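Single-structure report; data block below.
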Amino acid sequence: MIGASGPAPAFGGVTVGDGAVIAAGSGRPAVRMQGVTAGYGARIALEAVDLEIGAGSLLAVIGPNGAGKSTLLKVIGGLLEPRSGTVEVLGGPPGAEARRVAYVPQAEAVDWQFPVTVEEVVMMGRIPRIGILRRPAAADHAAVADALATVNMTEASRRQIGALSGGQRRRVFLARAIASDPDVYLLDEPVTGVDATTQEDLMDVLEAEARQGKTVVATTHDLACAAHRFQQAVLINRRIVAAGPANLILDQRLLAETYGGHVLVVPGLPNGSVLLDDAHHHDESGGESHFHEELGR
Amino acid sequence: MTIVDLFVDPLAYGFMQRGLIAAVMVGTVCAVMGSYVVLKGLAFIGDAVSHAAFPGLVIAYLIGIPLYIGGAVAAVLTALAIGVVSRRGNLRFDTAVGVLFAGMFAFGILLFSTIRNYVADLFSYLLGNVLGISAADLVQIAVLGLVVLGVIVVLRKELLYATFDPAGAAASGLPVTTLEYLLLALLGITIVVSIQAVGIIMVVAMLVTPAATAQLIVVRFSRMTMLAVVIAVVSAVLGLYLSFYLNVASGASIVLVETVLFLVALVLSPRQGLLVRWSSRAA
């Protein structure tokens with residue numbers, strides 16, 4: 001129950017502090033992190049993170065800017081070596097099962113003027129499978145077509161990516177991930193700056209993937225979306241503040257602890273209340289502001 | 001005198017034949033490499049590597065080995081050193097590159113100044129002399145150019161993914177770091193191949209301008225590369241003939257033709273041309 005005037009928060013199934021376990025699906029953890037500390041240069045972005053993510057989880061990673069959300073994804077994806085601690089992904093070190101992992105960067109990390117079409121971007125998801133010197137086979141073209149259909153972007157397949165709206169751009173990158181047929185999705189802000197329809201559509205797709213046993217880990221700034229559409233959530237601010245079922249974890253006290261008081265609670269709406277993150281939307285590495293729909297034509 | 005004569009007559013000279021072949025080959029390799037340079041933002045690195053190749057050329061001359069080998073060693077080493085600096089330097093990247101290439105270039109000038117009788121040749125290194133290219137040079141350009149093009153053709157899917165989204169490509173298992181170093185090494189080779197034709201100072205234009213022009217016009221990477229090659233070849237031929245008839249420097253002439261084509265595309269491009277933007281704003 002979320003809300004300023006609601007009853008005392010329920011804590012069943014919620015882990016507060018370190019040693020967070022996100023259990024979902026049938027069993028084996030897809031990701032296991034123990035005492036992980038990571039950062040860039042002199043800056044520590046993640047500290048002493050213990051986290052276990054069960055296969056089949058649909059997990060929202062929530063926290064203020066600079067809380068280490070993107071860093072968490074990069075460590076799991078094998079893009080950033082942790083300073084200390086151990087990380088296990090699909091039973092091996094990060095990167096060992098790279099073809100079974102799909103990583104989607106934040107929209108503003110992408111050069112949208114790059115001369116590639118929608119179809120070409122989605123085909124990139126197949127490249128590690130196709131292998132050097134080979135051309136895409138019929139199965140690869142079929143996988144691309146399926147992925148485009150799944151995110152409802154078939155008609156736009158020959159357009160250059162810069163000509164797409166913000167929502168369409170997120171759809172295309174999710175399609176690329178789907179085309180690679182991964183077991184783990186690592187999505188950095190997949191529903192940031194998109195229209196409501198796109199958000200619902202993308203969440204439907206992710207939900208379906210999780211139901212098939214795929215593990216979905218997505219950072220988000222959208223607390224309402226996290227509460228309503230994700231199964232699990234982990235609150236981080238360098239350290240893990242809490243982890244558990246999304247509807248329980250998005251509790252005012254825990255959020256206040258995560259955001260340091262930067263959470264606005266708006267009571268009186270259906271389902272209790274809506275939480276707004278008033279943190280300015282900034283990339284964790286600093287500088288660029290998030291892409292918003294209205295800028296995308 | 002017919003149009004055909006205009007093109008055929010200069011070919012009576014052996015230096016024009018060789019110059020034309022060299023300019024077309026260099027233009028082609030630079031245009032293909034240039035597509036990556038433009039999209040990865042490597043123009044400054046390209047300029048740095050071409051200057052840093054200079055001491056390699058001079059040392060090769062001094063100890064009597066083929067110039068291309070000395071230049072290639074210096075260029076590739078510098079390119080790779082820049083790659084290392086970009087990954088783990090504490091300095092700002094452009095500062096580190098600036099220090100590195102200016103120092104290398106100064107070292108080259110210093111060495112060169114010890115060769116009293118050959119100071120006049122300095123200009124042919126700095127500005128290039130495509131009309132002074134020998135048959136042996138042509139063979140070297142062809143071999144090194146084919147190596148560069150061959151590697152790029154073989155790895156084009158992987159290079160495209162790693163260029164477009166290095167993080168996504170690395171997470172999915174592509175050896176992105178290796179591919180980036182490979183690209184830098186190929187850039188070093190491309191630059192050395194081009195120096196004799198267009199000179200240290202203008203190599204960067206051969207790399208950047210045709211690809212930048214093509215990017216204004218087409219929306220697919222493969223077509224961008226092909227169009228860049230067409231632009232480079234047309235510029236090489238046109239520039240060389242202009243230099244022949246107007247009796248002006250050949251390298252500069254080729255680069256200026258490329259620059260004019262870029263400006264035309266900038267104004268007229270149906271995709272992002274200034275004309276389209278102005279008219280859509282007025283509408």
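The chains referred to below are lettered A, B, ... by the order of the sequence lines, with proteins before strands, and numbering in each begins at 1. Side chains are part of it too, since the values below use all heavy atoms of this structure and drop only hydrogens, waters and symmetry mates. Note that the structure is a prediction, hence the values are computed from the model and not measured.
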Q: Mind ranking Pro94(A), Pro128(A), Gly77(A), Ala177(A) by heavy-atom pairs under 4.5 Å with chain B and telling me who comes out on top?
A: Pro128(A)
Q: Working to the nearest 0.5 Å, report the span between CE of Met124(A) and CZ of Phe164(B).
A: 5.5 Å
Q. Considering all heavy atoms of both residues, which atom of Leu79(A) and which atom of Ala167(B) are nearest to each other, and what is their separation?
A. CD2-O, 3.4 Å
**Q.** Region of Ser180(A) in contact with chain B, defined by heavy-atom distances below 4.5 Å
**A.** neither
Q: Measure distances from Arg176(A) to the heavy atoms of chain B and classify the residue's part below 4.5 Å as side chain, backbone, both or neither.
A: side chain
Q) Can you check side chain to side chain contact (heavy atoms under 4.5 Å, CB included) on Ile132(A) and Val154(B), steps first, answer last? A) CA-CA 7 Å; Ile132(A) 278 179; Val154(B) 165; 4.2 Å; yes
Q: State the CD1-CZ distance between Ile127(A) and Arg156(B), to the nearest 0.5 angstrom.
A: 10.5 Å
Q: Quick one: pull up CG in Leu133(A) and CD in Glu158(B) and give me the separation to the nearest 0.5 Å.
A: 8.0 Å
Q.
Rounded at 0.5 Å granularity, tell me how far CG in Asp165(B) sits from CZ in Phe114(A).
A. 10.0 Å
**Q.** Val116(A) vs Leu160(B), side chain to side chain contact (heavy atoms under 4.5 Å, CB included): CA-CA, chis, key distance, verdict
**A.** CA-CA 9 Å; Val116(A) 282; Leu160(B) 177 65; 4.2 Å; yes
Q: Examine whether an atom of Ser35(B) lies under 4.5 Å from a heavy atom of chain A, and if so say whether it belongs to the side chain, the backbone or both; otherwise answer neither.
A: neither
Q: Please check if the side chain of Gln113(A) supplies one atom and the backbone of Gln215(B) the other of a donor-acceptor pair under 3.5 Å.
A: no
(Q) Counting only non-hydrogen atoms closer than 4.5 Å, does Arg158(A) touch chain B with its backbone (N, CA, C, O), its side chain (CB onward), both, or neither? (A) side chain
(Q) Between Leu186(A) and chain B, with a heavy-atom cut-off of 4.5 Å, which part of the residue counts as in contact: side chain, backbone, both or neither? (A) neither
Q. More than 12 foreign heavy atoms under 6.0 Å from CZ of Arg83(A): is that the case here?
A. yes
**Q.** Contact class of Ile130(A) relative to chain B, heavy atoms under 4.5 angstrom
**A.** side chain
Q. How far does CZ of Arg220(B) sit from CD of Glu119(A), to the nearest 0.5 angstrom?
A. 6.5 Å
Q) Taking all atoms of both residues into account, what is the closest heavy-atom pair of Pro115(A) and Val218(B), and its distance? A) CB-O, 4.4 Å
(Q) I'd like to know if the side chain of Lys157(B) reaches the main chain of Arg134(A), judged simply by a donor and an acceptor atom lying under 3.5 Å from each other, with no hydrogens or angles considered. (A) yes
